[in-house]
Amino acid sequence: MKNIIFFISISVLLVAASTVSAGISGNTSFTSSYNISSSSYAYESYCMLNKAGTDSSTENNFQPSGISSIGMAHKILGYSTAVVATASVITGFVIPKHLAHTITTYSTAGLATLSTMTGYIAYSGIITFRGGITTQNSHVVLGTLSTAGLLTSAIIGALNVKHCAPGIISGVVLYASVIVVHF
């Protein structure tokens, strides 16, 4: 049983790592050329403004104009994930073996996955780690790690193994990914 849990956890983490590396290298096959060109232009403009030292306030506003509907879906899914994750933690402590906890746990993992996917689709053209640690990079890494952890926690929970620590840690990382975008 422990070998199965270990294998599943490693598999989820490998998928998350490959997703992050695809975002780093820009090799995301699910992005249309329109999104890449408008996103690349927005990121290049952001870099030029920061290098010139004329405007650094654009760092927290990294939504390119051409992809607002997918970006908005990412935002709504992200906030929904945070709310449902909170409900999952509360039901886990109050009624741990109840159907409500199971539903909120699977919902959190599903919403986190959708949020991460829409984030990569909407912002793949501006996700880069060449500029060092930025707000966007931190959000991408924390969000991806949180999704991997939430999926792992849901899988471990489905196997009737204690999953409190990975679930709570993943939830904290989820909230950190939201907070880093706003502050």
Side-chain angles (χ1 to χ4, degrees), residues 1-24 28-31 60 62-63 67-124 127 133 135-183:
M1 180 64 86
K2 289 183 181 180
N3 291 335
I4 292 171
I5 294 169
F6 177 76
F7 175 75
I8 291 171
S9 300
I10 294 299
S11 299
V12 169
L13 291 174
L14 288 174
V15 169
S18 65
T19 306
V20 170
S21 67
I24 292 170
T28 49
S29 60
F30 46 74
T31 317
N60 286 332
F62 69 109
Q63 181 157 336
I67 53 174
S68 60
S69 62
I70 297 173
M72 184 56 70
H74 170 68
K75 187 182 238 183
I76 291 168
L77 287 165
Y79 290 136
S80 299
T81 303
V83 169
V84 177
T86 303
S88 181
V89 169
I90 292 170
T91 58
F93 282 117
V94 177
I95 44 176
K97 297 196 185 276
H98 194 269
L99 183 62
H101 179 63
T102 304
I103 291 171
T104 55
T105 299
Y106 293 146
S107 298
T108 301
L111 286 169
T113 303
L114 290 172
S115 178
T116 301
M117 288 171 37
T118 56
Y120 279 115
I121 292 168
Y123 304 111
S124 65
I127 298 171
I133 298 174
T135 299
Q136 294 83 10
N137 296 348
S138 300
H139 179 70
V140 169
V141 170
L142 291 171
T144 303
L145 288 174
S146 173
T147 299
L150 290 168
L151 287 168
T152 302
S153 181
I155 292 168
I156 292 171
L159 298 172
N160 289 324
V161 177
K162 294 201 179 256
H163 58 280
C164 182
I168 290 176
I169 291 169
S170 299
V172 169
V173 173
L174 168 69
Y175 278 104
S177 74
V178 172
I179 289 169
V180 77
V181 170
H182 293 288
F183 298 105

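For reference, positions follow the sequence shown, starting with 1.
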Student: Quick check: does any side chain N or O of Thr113 sit under 3.5 Å from a backbone N or O of Ala109, one acting as donor and the other as acceptor?
Tutor: yes
Student: Can you tell if the side chain of Val180 reaches within under 4.5 Å of the side chain of Ser138, non-hydrogen atoms only?
Tutor: yes
Student: Is there a donor-acceptor contact under 3.5 Å from the side chain of Ser146 to the main chain of Leu142?
Tutor: no
Student: Which atom pair, heavy atoms only, marks the closest approach of Lys162 to Ile156?
Tutor: O-CG2, 3.7 Å
Student: Any side-chain heavy atom of Phe93 within less than 4.5 Å of one from Cys164?
Tutor: yes
Student: Using modelled atom types and a 3.5 Å cut-off, is there a donor and acceptor pairing between side-chain atoms of Thr147 and backbone atoms of Gly143?
Tutor: yes
Student: Please tell me if the side chains of Tyr123 and Ile70 come closer than 4.5 Å, counting only heavy atoms from C-beta onward.
Tutor: no
Student: Please give me the minimum heavy-atom distance between Ala112 and Leu150, naming the atom from each residue.
Tutor: CB-CD1, 3.8 Å
Student: Rounded to the nearest 0.5 Å, what separates atom OG1 in Thr81 from atom CD1 in Ile76?
Tutor: 11.5 Å
Student: How many angstroms lie between atom CE of Met72 and atom CG of Leu77, to the nearest 0.5 angstrom?
Tutor: 11.5 Å
Student: Do His74 side-chain atoms and Gly119 backbone N/O form a donor-acceptor pair below 3.5 Å?
Tutor: yes
Student: Checking the side chain of Thr144 only, and the main-chain atoms of Val141 only, is there a donor and an acceptor separated by less than 3.5 Å?
Tutor: no
Student: Provide the closest heavy-atom pair for Tyr79 versus Val178 in the form atom of the first, atom of the second, distance.
Tutor: CE2-CG1, 3.7 Å
Student: Looking only at non-hydrogen atoms, find the nearest pair between Ala85 and Leu174 and report the distance.
Tutor: CB-CD2, 3.9 Å
Student: For Thr135 and Val181, which heavy atoms make the closest approach, and how far apart are they?
Tutor: CG2-CA, 3.8 Å
Student: Output the distance between atom NE2 (His163) and atom CD1 (Ile168), rounded to the nearest 0.5 Å.
Tutor: 9.5 Å
Student: Donor-acceptor check, side chain of Thr118 to backbone of Leu114, threshold 3.5 angstrom: yes or no?
Tutor: yes
Student: Given 3.5 Å as the limit, does a donor-acceptor pair link the side chain of Ser170 with the main chain of Gly167, or not?
Tutor: no
Student: Please report the shortest heavy-atom distance between Ser88 and Thr105, naming the atom on each side.
Tutor: OG-OG1, 3.0 Å
